[in-house]
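Each remark here refers to the structure printed beneath this line.
Both ligands and their constituent atoms are indexed starting at 1 by order of listing. Below, each value reflects all heavy atoms present in this structure, side chains not excepted, and no hydrogens, waters or symmetry copies.
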Amino acid sequence: MAKKVAVIGAGVSGLVSLKCCVDEGLEPTCFERTEDIGGLWRFKENVEDGRASIYRSVITNTSKEMSCFSDFPMPEDFPNFLHNSKLLEYFRIFAKKFDLLKYIQFQTTVLHVKRRPDFSSSGQWEVVTQSGGKEQSAIFDAVMVCSGHHILPHMPLQSFPGIERFQGQYFHSRQYKRPAGFEGKRILVIGIGNSASDIAVELSKEAAQVFISTRKGSWVLSRISEDGYPWDSVFHTRFSTMLRNVLPRAIVTWMWEQQMNRWFNHENYGLQPQNKYLLKEPILNDDLPSRILYGAVKVKPRVTGLTETSAIFEDETVEEDIDVIVFATGYTFAFPFLEESLVKVEDNRVSLYKYMFPPQLEKATLACIGLIQPLGSIFPTVELQARWATRVFKGLCSLPTEKTMMEDIVTRNERRIDLFGTSQSQILQTNYVDYLDELASEIVYVSGKSRKHSSIFKKNKFLKGV
Ligand SMILES: Cc1cc2nc3c(=O)[nH]c(=O)nc-3n(C[C@H](O)[C@H](O)[C@H](O)COP(=O)(O)OP(=O)(O)OC[C@H]3O[C@@H](n4cnc5c(N)ncnc54)[C@H](O)[C@@H]3O)c2cc1C
Ligand SMILES: *[C@@H]1O[C@H](CO)[C@@H](O)[C@H](O)[C@H]1NC(C)=O
């Protein structure tokens with residue numbers, strides 16, 4: 001009998017998981033809390049609890065050439081970088097082409113995912129869902145957690161003394177939809193991620209003044225790279241990945257700095273990352289440097305305090321008459337429907353084997369898909385994750401022992417910190433081509449052999465795998 005798989009969420013991770021289940025002859029059921037597919041990429045005017053929320057102008061930061069699924073190129077007439085509505089259209093064509101909608105139960109929220117009493121022999125799960133006020137429970141042989149990680153806002157208000165006195169408006173970036181209503185205002189954006197810089201640039205066209213406050217600075221790349229090619233098709237070649245892996249670290253960081261500073265010298269713009277020895281993820285923004293040159297966006301250091309109307313910064317400068325503060329301070333994640341011990345974030349690391357499998361389970365029948373932040377597009381990454389997970393469920397691939405997996409989690413995390421740093425926003429950061437290679441090599445080797453392959457992988461110094 002075909003194994004039953006519960007897929008939680010019908011964003012991109014859920015959709016590709018459904019397809020992989022079908023490809024492997026598994027029997028999937030997808031539970032999606034909302035009324036439609038697309039997850040984060042389905043823009044809505046209102047902000048909903050428990051669901052990612054984006055601003056109207058979001059455009060992909062990874063090119064269509066590097067972001068499509070392996071067997072389903074994006075339509076010829078799609079531009080290289082996609083507006084969120086276009087990307088959603090791609091997911092719709094994908095879902096239609098592989099006939100995935102019939103597996104999805106919409107407006108159904110997963111409340112609990114529990115191990116069955118006989119889990120150690122059956123590996124089965126009880127999944128409790130809620131739909132229209134009615135609770136239901138069903139048994140599944142495996143579970144794919146695809147619920148996304150841009151849902152719970154991270155808003156460290158305790159680091160902003162005086163915020164309780166501040167009389168202007170303040171909110172998390174997930175509340176931001178469009179620049180209307182911010183005309184003539186003086187706005188402070190906190191953070192320098194992709195959302196922070198997008199929002200600062202967009203608002204600076206309407207506002208009286210925008211300030212962007214950054215503790216650590218960031219590399220900024222344009223989507224347009226050498227000879228006008230999309231940045232990721234130039235940056236993520238096999239050759240440059242190989243160079244980054246074989247050259248000594250000092251040379252790699254030097255090359256990285258040269259590459260990042262080719263467009264403009266970050267120091268002159270106040271954006272130079274504090275620790276330039278880290279290969280921290282660059283943000284993608286085509287307009288930020290010019291908005292800074294025009295004075296429409298001013299770069300400020302960390303905020304040390306707020307008063308009723310003003311902001312005080314680390315360099316002791318004060319900006320008066322601030323009307324609005326936007327906290328583009330990222331997200332934290334949680335899986336309220338899982339037993340707490342299954343997916344843990346402690347000591348600044350995620351307790352999952354290769355960001356997917358809880359190592360302590362007697363049976364590898366649960367996988368997280370998309371709980372990751374690769375240096376490149378997430379779409380091919382989640383595809384490979386889903387292909388591997390479904391093969392593990394089917395019994396074509398096996399996982400190593402708990403001890404080996406724990407060791408891998410610890411070493412991988414040390415390497416991650418060494419490369420990308422300890423900041424909260426970097427917990428899910430991975431390399432791109434290396435991680436994809438690693439997943440792909442798990443898939444190629446069938447059953448018993450996959451473990452043997454893992455040890456070959458360790459000896460191969462060209463695959464550093466983070
Ligand atoms: C502003 C922004 C821009 C980005 N741009 C890019 C980009 O250009 N390129 C890139 O590669 N990545 C980008 N990302 C990363 C992003 O994480 C991925 O693009 C991708 O959308 C993640 O998809 P997902 O399916 O994992 O999660 P989501 O899209 O969040 O989907 C999760 C789904 O699960 C459902 N769900 C959640 N909990 C439950 C429950 N308990 N029961 C039932 N259903 C549930 C939700 O309703 C939702 O539909 C961006 C992220 C943000 C925030
Ligand atoms: C694209 O932007 C999102 C949202 O800020 C971020 O999570 C992701 O890591 C970015 N991707 C790349 C390759 O920079």
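- Remark: among candidates Ser195, Cys30, Ser173, Gly9, the nearest residue to atom 36 (N) of ligand 1 is Gly9, based on non-hydrogen atoms.
- Judged purely by distance below 3.5 Å, without hydrogens or angles, the side chains of Ser173 and Ser195 never pair a donor atom with an acceptor atom.
- The shortest N or O to N or O distance between Ser377 and ligand 2 is not below 3.5 Å.
- Atoms of ligand 1 found under 4.0 Å from any heavy atom of Thr108, numbered from 1 in the order shown, are 43 (C).
- Atom 49 (O) of ligand 1 has its nearest heavy-atom neighbour, among Arg174, Glu32, Gln373, Arg51, in Glu32.
- Atom numbering of ligand 2 starts at 1 in the shown order; those under 4.0 Å from a heavy atom of Gln373 are 9 (O).
- Look at Arg291 and Glu202 and you find no salt bridge, because none of the NZ, NE, NH1 or NH2 atoms lies under 4.0 Å from a carboxylate O.
- Where the criterion is an N or O separation shorter than 3.5 Å, residue side chain and backbone included, Thr62 fails it with respect to ligand 2.
- Distances from atom 23 (O) of ligand 1 to the heavy atoms of Asn194, Ile104, Thr34, Val12 put Val12 nearest.
- The residues Glu48 and Lys44 are annotated as salt-bridged, a charged nitrogen and a carboxylate oxygen being separated by less than 4.0 angstrom.
- For the pair Lys86 and Phe78, the cation-pi test (distance below 6.0 Å, angle within 45°) is passed.
- Heavy-atom proximity to Leu375, at under 4.0 Å, picks out these atoms of ligand 2: 13 (C).
- Ionic pairing of Lys4 and Asp141 is not present here: no N-O contact between side-chain nitrogen and carboxylate oxygen is shorter than 4.0 angstrom.
- On a distance-only criterion, Trp231 and ligand 2 share no N/O pair closer than 3.5 Å.
- Considering only non-hydrogen atoms, atom 15 (C) of ligand 1 lies nearest to His150 out of Gln385, Arg223, His150.
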